[in-house]
Protein chains: 2
Amino acid sequence: MKDFMTLKNQLCFAVYETAGEFNKLYSSVLQPFGLTYPQYLVLLALWEQDGVTLKELGAKLNLGTGTLTPMVSRMEASDWVKKQRSKEDERKVYIYLQEKAVKERNAITSKVVEAIQSCQIELKEYEQLMQQLNALQKKMRERQV
Amino acid sequence: MKDFMTLKNQLCFAVYETAGEFNKLYSSVLQPFGLTYPQYLVLLALWEQDGVTLKELGAKLNLGTGTLTPMVSRMEASDWVKKQRSKEDERKVYIYLQEKAVKERNAITSKVVEAIQSCQIELKEYEQLMQQLNALQKKMRERQV
DNA sequence: TATGATTAAATCGTACACGATTCAAATTAC
DNA sequence: GTAATTTGAATCGTGTACGATTTAATCATA
């Protein structure tokens, strides 16, 4: 019988390692643009919908203000985005893409797609993994304690 | 046609989020023991094989000294492990489990298994995901640039 | 309408994670 | 047998990531 408490038989570790691999792969692609992997995820979210509040951005990315506030500040310092406090509700801060982020969008996504394609992942494999990971996440979030 | 550059259609993001979910789930279980999730992974590795060098540990966990050295130091401070510089080769540092880690092993793993079981993941689903993630990692590591 | 509760960011403290550099010990090459 | 190289940890700087607290603005309500 297999030992389920072995490191290499742990699903958590497989996910942990895969996340690390993605991090490394994306980092190498994004470094020439002066972007980190999490910063790229922020851009992905903003390319979909620009001008969202920090809280909304956090909801999309599953990140709190403790992570996002300094990260967005760094991205503002490097001219990717701009923070704008709302006039109607001064508690809210809206994040807007800067020209640089709009102009570079194609160059960045092209390089990313190219890198992913170089991994030779089958479309079917890709979609199946997506579906299974989403199902797993759902179970983890809804687990009965 | 689906937009593959959407955040929620990104495999990288699904993996990133799932890793975050595991982190949160395991953290809640491990907190009463005064352990973090990465520290638990270190214990998993050492429970399998005790007395390995920092480098060997790093190879198992895919972590560099920049991460492991301070982490193991913290675990030494909290009496989980002990660092011992080799007499034969003074460059090497061996990591040994402390009594606390041996004694608490069952209590810790029981709680972890319990938490995972509460997620109601099918065995088949679990194994399929493991296999697919491992295949994906292999492709990412061996990609032709 | 004052006040108590809620909300959105910011801030703080701790802990990874990584690449690059440094340092000392061991190995090798000449 | 000394010099050059390699190796294993440690250190450094930057950047997430999270829970908890703080602060200021808004909302709810008596």
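Throughout, protein chains are lettered first and strands after them, A, B, ... in sequence-line order, and every chain is numbered starting at 1. Model, not experiment: these values are computed from the prediction.
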Would you mind telling me which residue lines up with the more 5' stretch of DNA chain C, B/Asn23 or A/Gln31, judged by nearest nucleotide? B/Asn23
Rounded to whole angstroms, how far apart are [atom1] on [X] and [atom2] on [N]?
X       : N      : atom1 : atom2 : value
B/Phe13 : D/dT16 : CZ    : C1'   : 15 Å
B/Met75 : C/dC16 : CE    : P     : 9 Å
B/Leu30 : C/dC16 : CG    : P     : 11 Å
A/Lys24 : C/dA17 : NZ    : C1'   : 9 Å

What residues from residues 51-73 of chain B pass a heavy-atom cutoff of under 4.0 Å to DNA chain C? B/Asn62, B/Leu63, B/Gly66, B/Thr67, B/Met71
Looking only at side-chain atoms of [X], point me to the closest of [options].
X       : options                : value
A/Pro38 : D/dA10, D/dA17, C/dA10 : D/dA17
B/Arg74 : C/dA15, C/dA10, D/dA24 : C/dA15
B/Asp89 : C/dC18, C/dC16, C/dA25 : C/dA25
A/Glu90 : C/dT27, D/dT26, D/dA17 : D/dT26

Is the number of heavy atoms from other residues, nucleotides or ligands within 6.0 Å of CD (A/Gln31) greater than 12? no
If we only count heavy atoms from C-beta on, is the A/Leu136 to A/Leu11 side-chain gap below 4.5 Å? yes
